[in-house]
Amino acid sequence: MYYDEFAVKENLSLPSLLEVLSDVLYRYSKHDPSLQQPLRSILSINGQQNALLNLPCIDIHLGYMCVKTITSFPESSPAIDGAVSLFNSNNGRLLLIADAKEITARRTATASFLATQLLAFKKWKNEQKENAILTILGCSVQGRAHLDVFTQLFKWNKIYLWSRNMTHAINLQSDYSSKLSNIEILKDLNDNRLQQSDVICTCTASEEALIGLKQVKKGVHINAVGSFRETMRELADDLMLSSDTQIIVDSKESAMKEAGEIIQSKAKIMAELGELIHNDKFSNDICNEKITIFKSVGIAVEDLAAAIVLYESLKK
Ligand SMILES: NC(=O)C1=CN([C@@H]2O[C@H](COP(=O)(O)OP(=O)(O)OC[C@H]3O[C@@H](n4cnc5c(N)ncnc54)[C@H](O)[C@@H]3O)[C@@H](O)[C@H]2O)C=CC1
Ligand SMILES: O=C(O)C1=NCCCC1
């Protein structure tokens, strides 16, 4: 009944997760009445950064209900802890309880990869696809999960890693050295290799902007993962507000309440990721001249997708 982080990692197929994620995000953005997801609750402890989060949702179309309860304690390691519970929505039976750290890490990175497919790969010519450069900022749990998912699902020409503490980047490079020989470390964010990157994933808990318009190239795609509070941000206002930037989010309702970059810059949101799925008009509006930003804060239907994939794989 309880699946720990190792069981989650071993049994959560990324291609299946990508498929179920696309389906639930598509129906979420279409306001499909069979899918219910209220805004999550974030209860802060003594007004500090430490918090208890609750993310429920019901999907009567797929026949499941899910609730993830996690703590976020940024000064602890790991920063996130908790469990995901999956239920049958026809009879109310509890089906599975699984480690939330691994589910959160993998569903978040897979959502970023889905955004990269829809916002970057679709607009690239073959040559850019064959020579694509990925940069990951922040080398803790999310940075590691992004490296893992992005390299399992796509072949990158080069990968650059940056972390505020360089040892973390070096350790991550070393952990992957037997599988990947194309990882390099960026010592700082003014390194012009950042400007050569086709895709950048920002995976930090920063409260100050780490990158601005001057540090990235025209047409870059950015997955901004880290911020989920008004006071947090990884991207500067000039990047958020440029007329060359198109901003996509996982949920407009959540992003406007939680995404620091969006609240602070008052940048306009172009669409939710789910609106881009099965939508040729939107895909055609995304062009190679524009910078695309997928700002995620994390929503319950993503955990539901992961829990369903896990449950159905364990049932076999
Ligand atoms: N969008 C989403 O769906 C999700 C977002 N998150 C958020 O993503 C971020 C990363 O998550 P984890 O790796 O689990 O957190 P973590 O606490 O394990 O790591 C935080 C990372 O941020 C770096 N960092 C903190 N302050 C910084 C600063 N001022 N400048 C540069 N780097 C800084 C740390 O060095 C560390 O590498 C967190 O803010 C977390 O809350 C986490 C889960 C899901
Ligand atoms: O969606 C999640 O799960 C989280 N989002 C923001 C940070 C904590 C976990």
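Values below: every heavy atom of this structure, side chains too, minus hydrogens, waters and symmetry copies. In each ligand, atom 1 is the first atom listed, and ligand 1 is the first ligand listed.
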Exercise for the section: Return a yes/no value for S72: is any of its N or O atoms, backbone included, closer than 3.5 angstrom to an N or O of ligand 2? Expected result: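 Between S72 and ligand 2, no N or O pair is found under 3.5 Å apart.
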Practice task
Examine D303 against ligand 2 and note whether any of their N/O atoms are separated by less than 3.5 Å.
Solution key: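 No - when backbone and side-chain N and O of D303 are compared with those of ligand 2, no distance drops under 3.5 Å.
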Problem - Reference residue S89; test side chain to side chain contact (heavy atoms under 4.5 Å, CB included); the match among Q36, H61, M65 - result: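 Only one of Q36, H61, M65 forms a side chain to side chain contact (heavy atoms under 4.5 Å, CB included) with S89, namely M65.
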Can we say [X] and [Y] salt-bridge, meaning some charged N sits less than 4.0 Å from an Asp/Glu carboxylate O?
| X | Y | value |
| --- | --- | --- |
| R106 | E102 | yes |
| D59 | R27 | yes |
| K30 | D32 | no |

Problem - K315 atom NZ, neighbour heavy-atom count above 12 within 6.0 Å - result: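 Above 12, so yes.
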Nearest protein heavy-atom contact for [atom]: which residue, which atom, what distance?
| atom | answer |
| --- | --- |
| atom 9 (C) of ligand 2 | I70 CD1, 3.4 Å |
| atom 5 (N) of ligand 2 | V297 O, 3.0 Å |
| atom 8 (C) of ligand 2 | I80 CD1, 3.8 Å |
| atom 3 (O) of ligand 2 | K68 NZ, 2.5 Å |

Heavy-atom contact under 4.0 Å between [X] and ligand 2?
| X | answer |
| --- | --- |
| E302 | no |
| E258 | no |
| R107 | yes |

Practice task
Kindly determine whether E207 and R233 satisfy salt bridge (Lys or Arg N to Asp or Glu O under 4.0 Å), including the steps that lead there.
Solution key: CA-CA 5 Å; E207 299 223 327; R233 69 180 308 166; over 6 Å; no
Practice task
Output, in order, the C-alpha distance, side-chain angles, deciding distance and verdict of side chain to side chain contact (heavy atoms under 4.5 Å, CB included) for T204 and R164.
Solution key: CA-CA 9 Å; T204 78; R164 182 172 61 162; over 6 Å; no
Practice task
Output the list of atoms in ligand 2 that are nearer than 4.0 Å to some heavy atom of T104, sorted by atom number.
Solution key: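 Under 4.0 Å from T104, ligand 2 has these atoms: 3 (O).
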Exercise for the section: Find the distance between CD (E19) and OG1 (T110) and round it off to the nearest 0.5 Å. Expected result: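 Between atom CD of E19 and atom OG1 of T110 there are 13.0 Å.
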Handout entry: Gap between atom CG of L52 and atom CG of L43 - 0.5 Å precision
Key =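 Rounded to the nearest 0.5 Å, the CG-CG separation comes out at 5.5 Å.
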Exercise for the section: Check whether any side-chain N or O of N192 sits under 3.5 Å from a backbone N or O of Q195 as a donor-acceptor pair, and report yes or no. Expected result: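 Absent.
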Practice task
Could you please provide the protein residues found below 4.0 Å of ligand 1 on a heavy-atom basis, arranged by chain and number?
Solution key: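 Only A79, I80, T104, R107, T108, C139, S140, V141, Q142, W162, R164, C203, T204, A205, S206, L210, V225, G226, F228, M232, S296, V297, G298 have heavy atoms that fall under 4.0 Å of ligand 1, ordered by chain and number.
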Exercise for the section: Please find out if less than 6.0 Å separates the ring center of H278 from that of Y26. Expected result: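 Centroid distance H278-Y26: below 6.0 Å, so yes.
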Practice task
Mind checking whether T108 contacts ligand 2 via backbone (N, CA, C, O), side chain (CB onward), both or neither, at a 4.0 Å heavy-atom cut-off?
Solution key: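 Neither part.
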